[in-house]
Amino acid sequence: MTQLFGLADCNNFYASCEQVFQPQLRGKPTVVLSNNDGCVIARSAEAKALGVPFGIPHFKIRNIPGFQKIQVRSANFTLYGDMSSRVMATISSHVPSIEIYSIDECFIDYNGVAHALDNAKRLCETVYKWTGISICIGLGPTKTLAKLANQKAKKITSKVVDLSNIDTCQAALAETEIGDVWGIGRRWAARLQMQGIHTAQDFARMDRRLVRNMMGVVGLRTADELNGTSCLNLEQLTPNKQSLCISRSFEKTIRAHAELEKRIHYFTNRVAEKLRRSGLVTSAISIFVQGNLFRKELPQYSNNVTISLGGPTSDTGEIVKVALYGLVKIYQPNIPYKKAGVILLDLHRVGTAPPHLFTQPNPRRETLMRTIDQLNHKFGSKTISYGQIPQSRTW
DNA sequence: TCTGGGGTCCTAGGACCC
DNA sequence: TCTGGGGTCCTAGGACCC
């Protein structure tokens, strides 16, 4: 049975959020920067028109002609998360069901919806009216084709494209570069192009065995989906998280162990909070450190270590202890470090983790963690933390 | 001078089992 | 001339996504 998927995607999401809340930015080239104001992670339509590339470092913006007009904002992820919830709720209330795919995208189940195209157009208008965010919707018999339809929709004023029709679909495939296909990244695009595969249509027409041999089942799935065979279903249930990570680049390079230790301390406090907020426990932790990949003339070093926690826990104290031990194991002196991070692995919902033979849950510690979280929630995240994180933290 | 952060899945190969 | 067959589990690395 032929299915019908929709893919709704917010246009220039972070930049649009800024423009909604700061009306003076509307119509002006606006960009949003990553953490530490490192590089551009979102651009308004006007900024794209000026030629601001995605990912460009902040300091290179001034090389762009007309850069004086560009409005630059630091990212506000709390705001974007909140706006995302509003957009998703609006969409969800107008269609049978959705799968939230990322902060600014969702797949829509359009099966059995009469006049899906008109329906989608009205939905775009409603979302704009209710939230101020402009979205586009692509329709197709598979998720991959709905994604492709969405890219086409971004380029037209009606904001909706339907690729259910076979001729329309073939035309779209023929004019889509291979690297623009969902699931084909930079590496595969380069390799495929060397083999004479330049468009989505070239790829869809490749011999299936060849695709399977070269790219495995993932590539094969993409090829089948381009040919209209649906391999990816709408996922209604949000899957359990497998890992949680906090990592940052440093504003300047760091050499001293003590200085790195403060960062690891801080990251571990944050990621453990995230863990408890998600109702999860962890049994393994991974620490990584990295030099400056952009400065080839400096000594290059990066390393990571994964350590078992000896049983499921969400206790910041326990996790911090192991994290710092991990840092000792991978730290090398006299390296200019530029980035580090903490990843929690082997996650389970509280109460569902296989218990450890030798450790018992400690109710007093659990109360302590709950109290710390409540205080930080009530009085701000810097109120109380585990270990030596300077109160006057500048980073 | 200055270059993000947070995720997922698949595969190949090694260790180990009977 | 000649070295079994069939599994599982784990990990590192490579690819991808937003």
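Note that the structure is predicted; figures quoted are calculated from it, not measured.
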Trainee: Determine: side-chain N/O of Arg186(A) to OP1/OP2 of dA15(C), distance under 4.0 Å, yes or no.
Mentor: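 It does not, given that no N or O in the side chain of Arg186(A) lies less than 4.0 Å from OP1 or OP2 of dA15(C).
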
Trainee: Within this structure, what is the CZ-to-P distance between Phe288(A) and dG5(B), rounded to whole angstrom?
Mentor: 9 Å

Trainee: Would you say Leu232(A) and Phe5(A) make side-chain contact, with heavy atoms under 4.5 Å?
Mentor: no

Trainee: Whether Lys143(A) contacts dC17(C) is assessed here as follows: a side-chain N or O lying under 4.0 Å from the phosphate OP1 or OP2. Is that the case?
Mentor: no

Trainee: For Phe13(A) and dG4(B), give me the distance from atom CZ to atom P, rounded to whole Å.
Mentor: 22 Å

Trainee: Would you say a side-chain N or O of Gln242(A) is under 4.0 Å from OP1 or OP2 of dC9(B)?
Mentor: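 Yes, such a contact exists.
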
Trainee: Report the distance from atom NE2 of His58(A) to atom P of dG5(B), rounded to the nearest whole Å.
Mentor: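 Atom NE2 in His58(A) sits about 16 Å away from atom P in dG5(B).
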
Trainee: Using whole Å, report how far CZ of Phe54(A) lies from C1' of dC18(C).
Mentor: 8 Å

Trainee: Measure CG/Asp346(A) against P/dT11(C) and give the value in whole Å, please.
Mentor: 10 Å

Trainee: Check every strand shown and say whether Ile343(A) touches a base, only sugar-phosphate, or nothing at a heavy-atom separation below 4.0 Å.
Mentor: nothing

Trainee: Using a cut-off of strictly less than 4.0 Å, decide whether Arg221(A) has a side-chain nitrogen or oxygen near OP1 or OP2 of dC9(B).
Mentor: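 Answer is no, no contact under 4.0 Å.
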
Trainee: Is the phosphate of dT11(B), meaning OP1 or OP2, less than 4.0 Å from a side-chain N or O of Arg212(A)?
Mentor: yes

Trainee: On the nucleotide dT3(B), are OP1 or OP2 found under 4.0 Å from the side-chain N or O atoms that Lys60(A) carries?
Mentor: no

Trainee: Quickly work out the Phe250(A) CZ to dT3(B) C1' distance and round it to whole Å.
Mentor: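 Going from CZ in Phe250(A) over to C1' in dT3(B) covers 15 Å.
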
Trainee: Provide, to the nearest angstrom, the distance between the CD1 atom belonging to Ile184(A) and the C1' atom belonging to dA15(C).
Mentor: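 So the CD1-C1' distance, Ile184(A) to dA15(C), works out to 11 Å.
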
Trainee: Let me see the working for Thr316(A) and Arg276(A) under side-chain hydrogen bond (donor to acceptor under 3.5 Å, both in side chains), right down to the final yes or no.
Mentor: CA-CA 10 Å; Thr316(A) 305; Arg276(A) 292 191 293 269; 2.8 Å; yes

Trainee: Ser247(A) side chain N/O closer than 4.0 Å to the phosphate oxygens (OP1, OP2) of dG6(B)?
Mentor: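 True: Ser247(A) side-chain N/O within range (under 4.0 Å) of dG6(B) OP1/OP2.
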
Trainee: Please state whether the phosphate of dG5(B), meaning OP1 or OP2, lies under 4.0 angstrom from any side-chain nitrogen or oxygen of Lys339(A).
Mentor: yes

Trainee: Looking at Glu177(A), I'd like to know if its CD atom is crowded, meaning that more than 12 non-hydrogen atoms belonging to other residues, nucleotides or ligands lie closer than 6.0 Å.
Mentor: no

Trainee: Please identify which of these residues, Gln151(A), Lys147(A), Lys154(A), meets the side-chain hydrogen bond (donor to acceptor under 3.5 Å, both in side chains) condition with Asp9(A).
Mentor: Lys154(A)

Trainee: Going through the checks in order, is the ring-ring contact (aromatic ring centres under 6.0 Å, His included) test met by Phe107(A) and Tyr101(A)?
Mentor: CA-CA 7 Å; Phe107(A) 286 101; Tyr101(A) 177 67; 5.5 Å; yes

Trainee: Taking the same atom, P, in dT3(B) and in dC18(C), what whole-Å distance lies between them?
Mentor: 25 Å

Trainee: Under 4.0 Å between a side-chain N/O of Lys274(A) and OP1 or OP2 of dG7(B), yes or no?
Mentor: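 Affirmative; the distance criterion is met.
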
Trainee: Between C1' on dG4(B) and CG on Leu33(A), what's the gap in Å once rounded to a whole number?
Mentor: 10 Å

Trainee: Distance check: side-chain N/O of Ser243(A) vs OP1/OP2 of dT8(B), anything under 4.0 Å?
Mentor: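 Checking Ser243(A) against dT8(B): at least one side-chain N or O falls below 4.0 Å of OP1 or OP2.
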
